[in-house]
Number of protein chains: 2
Amino acid sequence: MQDNLRRFKAEIFQALAHPTRIAIVELLRDDGETAVTAVYERLELEQANVSQHLAVLRSKHIVVARKDGNQVFYSLRDRALGKVLDLMRQFFHAHLEESLALLEDMRTKEPRTKKTPAGGRKP
Amino acid sequence: MQDNLRRFKAEIFQALAHPTRIAIVELLRDDGETAVTAVYERLELEQANVSQHLAVLRSKHIVVARKDGNQVFYSLRDRALGKVLDLMRQFFHAHLEESLALLEDMRTKEPRTKKTPAGGRKP
DNA sequence: TCCAAGTATTCGACAATTCGAATATGCTTG
DNA sequence: CAAGCATATTCGAATTGTCGAATACTTGGA
């Protein structure tokens, strides 16, 4: 059981382990219930992509959907998760220097580059 | 920058998004500084595997290593992460019923089965 | 110096995630 | 019912994560 519990936690973390999903959660936390259209317009992302990420969040019960006629409104299911993100910011600030180094690191590696033509390292 | 910050958070979550790494973090939180041998003996895992997971945690600065002679002692770098896990438990309890359903779901799907011989559904 | 203990890294196979494109589903209005 | 908007799902390709086995590195002692 101890192990199942850990798998459960891991799945929650996994669900949050993507910049877009974090953006979505933060948006819902700040703006409350929001329709899908508003989400992908605010975040400037493709509809399908947002829908896929919402599906992930939904499957882990991080988010709840409410249907209203044509559209679907999403909201955070529990504000504990908002707190988690706050702690995250705290964590970030507490170790600002190293965090910045990490960010720098991330910048050099360029995120999800899909068309980097010749970036290969080590010939 | 907003986006970089989200990528940073996502990486932290990603680092925690594995049952073994959660087990490690919880162990370090509860027992304090611990040598690698003790970790993999307590968790009944392969040395290499634990070392790989520790490398992940290290690369995200979730954990710090202190060398002492032959061995390396690991500890949590920030108790904020302990708090995050506490919030997680809170989250779990707050939604116990659905969480249990999720666990049940996970049980049926069996995690990381590598040698399930004939479990396939749909012939 | 050689060896053994304790950790870390590399490698190859396989599983899982992610994206955009295409397509499907569901609701509402005419 | 057809058309059209809002959302979801499926597909294939590329990327990333995971594991055990093998191997390398580092330290302390014979």
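So you know, we letter chains A, B, ... as the sequences are listed, proteins then strands, and number each from 1.
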Exercise. Aromatic rings F8(B) and F91(A): how do their planes relate, parallel, tilted or perpendicular, breaks at 30° and 60°?
Worked result: parallel
Tell me if the side-chain of Q47(B) makes a donor-acceptor pair with the base of dA8(C), cut-off 3.5 Å, by modelled atom types. yes
Quick one: does Q14(B) reach the base of dT16(D) with a side-chain donor-acceptor pair under 3.5 Å? no
Walking DNA chain D from its 5' end, the first of V72(A) and D68(B) to be reached, judged by nearest nucleotide, is V72(A)
Closest to the 5' end of DNA chain D, once A48(B) and H53(B) are matched to their nearest nucleotides, is H53(B)
note: I24(A), atom CD1; dA8(D), atom C1'; distance rounded to Å ~ 14 Å
F73(A) atom CZ is separated from dA6(D) atom P, nearest whole Å, by 11 Å
With respect to the phosphate group of [N], does any side-chain polar atom (N or O) of [X] fall under 4.0 Å of OP1 or OP2?
X: Y74(B); N: dA8(C); answer: yes
X: Q52(A); N: dT18(C); answer: no
X: H18(B); N: dC19(D); answer: yes

Nearest heavy-atom approach of I22(B) to L16(B) is CG1-O, 3.2 Å
By nearest-heavy-atom nucleotide on DNA chain C, the more 5' of N70(A) and R21(A) is R21(A)
Checking dT7(D), dG20(D), dC27(C) against the side chain of K67(A) (C-beta onward), the nearest is dC27(C)
